[in-house]
Engineer: 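Mind having a look at this structure? Questions to follow.
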Amino acid sequence: MALNILFPRGVASRRWIGPLVLCALAMSMIGCERRIGGAGKPKIVGAFGRTGRGPCEFVYPRAIDMAPDGSLFVVDKTGRIQHLDPAGRFLGSIDMPLTEAGKPTGLTVGPDGHLYVADTHYHRVIVVSTDGEFLRQFGGFGREEGCFIYPTDVTLAADGRIFVSEYGGNDRISVFDRGGRFLYCFGAPGSERGRFARPSALCIDQSCNRLYVADACNHRIAIYELDGKLVGYMGSAGRDVGQLRYPYDLAFLADGTLAVCEYGNNRIQLFNPDGRSLGVYGGAGRQLGQLAYPWGLAVNSRDRAFVLDAGNNRVQVWQL
């Protein structure tokens, strides 16, 4: 089975490439010690996109990832993935093979240059080559090991392991080898330590071998070793600085600061590795610098953030 695709070769993922820094010898409870710069008001660089089904138009975009060349992949509720340059110019698109039951909510470009799509409502992960060839899929509906109910996101470790989050009754993280063979899983539904309520996004800091999970309906960020051992949490439910409401996506800045996209608070919040908030940016609204139900973000090596302003059907570009 092939997908309709129009874009060039050569992509990789910000979700598996961690900050290019080394861990210090001393480590805090939930992360490596690093030099963390102060946070200030972000510079609003601009925005692109509008409501529609044409090139660089969106119908409620819900996931974004960045290739090494800085180009972006954005999936929306039309069931297509658009490939755009950093200025928002259209480079090509992918049409998902099935969309009647629902649309993907997560994607990542892996170290092998392939696009990994959490095909949420078809209970699987699809892997697509850069020339549009359907390579493989894994998963299937169920509660058994290696199956999914609603997969939400995918990320890859440096050794090729594939991590998949899901909700809908399993609410866990499942881990597969590079070929899609099930290895192990951790987590279960709930609010207690080691449990999840709609884990919505995954991000790996390769320099410290830590997995960060946006535990959306528990309003916190969970930090794990890659073998599934819980390390700790960031955030708690609320609207104040240091608190979270429905964190839906995660990305690292160049110095190791964690950027969190808060769907419920209509903002981006920055945290240092020990969980201290470094600032909040945004707020509900329609103007530049304001957000309406943001679903995702991608950040380049110069801390330029591309924020999925889903309710406004656009991508905002901020300098953090």
Side-chain angles (χ1 to χ4, degrees), residues 1-5 7 9-18 61-69 71-76 79-83 92-99 102-140 146-167 172-183 185 199-204 206 211-214 226 248-252 295-298 308:
M1 178 170 56
L3 302 184
N4 177 23
I5 185 169
F7 59 80
R9 294 179 178 271
V11 292
S13 174
R14 58 103 182 161
R15 293 181 185 272
W16 73 271
I17 300 176
R62 298 196 295 182
I64 187 170
D65 200 9
M66 181 178 292
D69 64 1
S71 63
L72 302 164
F73 294 87
V74 180
V75 63
D76 70 1
R80 63 177 177 161
I81 302 170
Q82 293 191 68
H83 188 200
S93 67
I94 307 168
D95 293 327
M96 293 300 295
L98 297 171
T99 59
K103 318 303 190 300
T105 62
L107 58 84
T108 192
V109 189
D112 55 7
H114 301 321
L115 192 62
Y116 291 73
V117 183
D119 199 7
T120 308
H121 297 275
Y122 290 91
H123 322 290
R124 62 186 179 179
V125 172
I126 289 180
V127 186
V128 185
S129 75
T130 56
D131 61 4
E133 180 184 2
F134 176 85
L135 298 176
R136 62 186 182 276
Q137 68 179 52
F138 56 91
C147 293
F148 306 120
I149 296 183
Y150 294 119
T152 57
D153 199 17
V154 186
T155 194
L156 288 86
D159 62 7
R161 279 179 290 174
I162 304 167
F163 292 73
V164 184
S165 54
E166 61 174 310
Y167 77 103
R172 63 190 178 188
I173 310 300
S174 293
V175 186
F176 301 81
D177 68 14
R178 64 180 72 243
R181 182 175 63 89
F182 176 80
L183 298 175
C185 63
S200 61
L202 304 172
C203 193
I204 291 178
Q206 303 291 347
L211 173 72
Y212 290 71
V213 183
L226 298 187
Y248 268 20
D249 203 8
L250 307 169
F252 285 111
W295 269 74
L297 79 163
L308 280 188

Engineer: Looking at every heavy atom in both Pro104 and Asp119, which two are closest together, and how far apart are they?
Structural biologist: CG-OD1, 4.0 Å
Engineer: State, to 0.1 Å, how close Pro61 and Leu308 come at their nearest heavy-atom pair, and which atoms those are.
Structural biologist: CB-CD2, 3.8 Å
Engineer: Let me confirm one number: the OG1-CZ distance from Thr152 to Arg62, rounded to the nearest 0.5 Å.
Structural biologist: 11.0 Å
Engineer: Would the distance check show the side chain of Thr155 and the main-chain N or O of Cys203 forming a donor-acceptor pair, the cut-off being under 3.5 Å?
Structural biologist: no
Engineer: Considering only heavy atoms from C-beta outward, does the side chain of Val213 approach that of Phe163 to under 4.5 Å?
Structural biologist: no
Engineer: Looking at every heavy atom in both Gly106 and Ala63, which two are closest together, and how far apart are they?
Structural biologist: CA-CB, 3.8 Å
Engineer: Would you please test Ile173 and Leu211 for side chain to side chain contact (heavy atoms under 4.5 Å, CB included) and show each step?
Structural biologist: CA-CA 10 Å; Ile173 310 300; Leu211 173 72; 4.2 Å; yes
Engineer: Give the intermediate values and the outcome of side chain to side chain contact (heavy atoms under 4.5 Å, CB included) for residues Ile81 and Met96.
Structural biologist: CA-CA 8 Å; Ile81 302 170; Met96 293 300 295; 4.1 Å; yes
Engineer: Give the intermediate values and the outcome of side chain to side chain contact (heavy atoms under 4.5 Å, CB included) for residues Val164 and Tyr116.
Structural biologist: CA-CA 10 Å; Val164 184; Tyr116 291 73; over 6 Å; no
Engineer: Hey, could you give me the CD1/CZ distance between Ile162 and Arg181, rounded to the nearest 0.5 Å?
Structural biologist: 11.5 Å
Engineer: Kindly compute the distance separating CG (Asp65) from CG (Leu107), expressed to the nearest 0.5 Å.
Structural biologist: 6.0 Å
Engineer: Decide yes or no on side chain to side chain contact (heavy atoms under 4.5 Å, CB included) for Glu166 and Tyr150, but give the supporting numbers first.
Structural biologist: CA-CA 5 Å; Glu166 61 174 310; Tyr150 294 119; 5.7 Å; no
Engineer: So which heavy atom on Leu202 is nearest to which on Asp153, and how close?
Structural biologist: N-OD2, 2.9 Å
Engineer: Output yes when a side-chain donor or acceptor of Asp249 lies under 3.5 Å from a complementary backbone atom of Leu297, and no otherwise.
Structural biologist: yes
Engineer: Of all the heavy-atom pairs spanning Tyr167 and Pro199, show the shortest one and how long it is.
Structural biologist: CB-CD, 4.3 Å
Engineer: Taking Thr120's backbone N and O only, do any of them form a donor-acceptor pair with Thr105's side chain (distance below 3.5 Å, no angle check)?
Structural biologist: no
Engineer: Could you give the distance from OH (Tyr248) to OG (Ser200), rounded to the nearest 0.5 Å?
Structural biologist: 6.5 Å
Engineer: Assign the ring pair Phe148 / Phe138 to parallel, tilted or perpendicular, where the plane angle (0 to 90°) is split at 30° and 60°.
Structural biologist: tilted
Engineer: Any non-hydrogen side-chain atom of Pro97 less than 4.5 Å from a side-chain atom of Ile126?
Structural biologist: yes
Engineer: In Å and rounded to the nearest 0.5 Å, what is the CG to CZ distance from Leu115 to Phe73?
Structural biologist: 6.0 Å
Engineer: So, Arg161 side chain and Leu183 main chain: donor-acceptor pair closer than 3.5 Å or not?
Structural biologist: no
Engineer: With rounding to the nearest 0.5 angstrom, report the CE to OG distance, Met66 to Ser71.
Structural biologist: 8.5 Å
Engineer: Please tell me if the side chains of Arg124 and Leu98 come closer than 4.5 Å, counting only heavy atoms from C-beta onward.
Structural biologist: yes
Engineer: Count the heavy atoms of every other residue, nucleotide or ligand shown that sit under 6.0 Å from CZ of Arg136, and state whether that count exceeds 12.
Structural biologist: yes
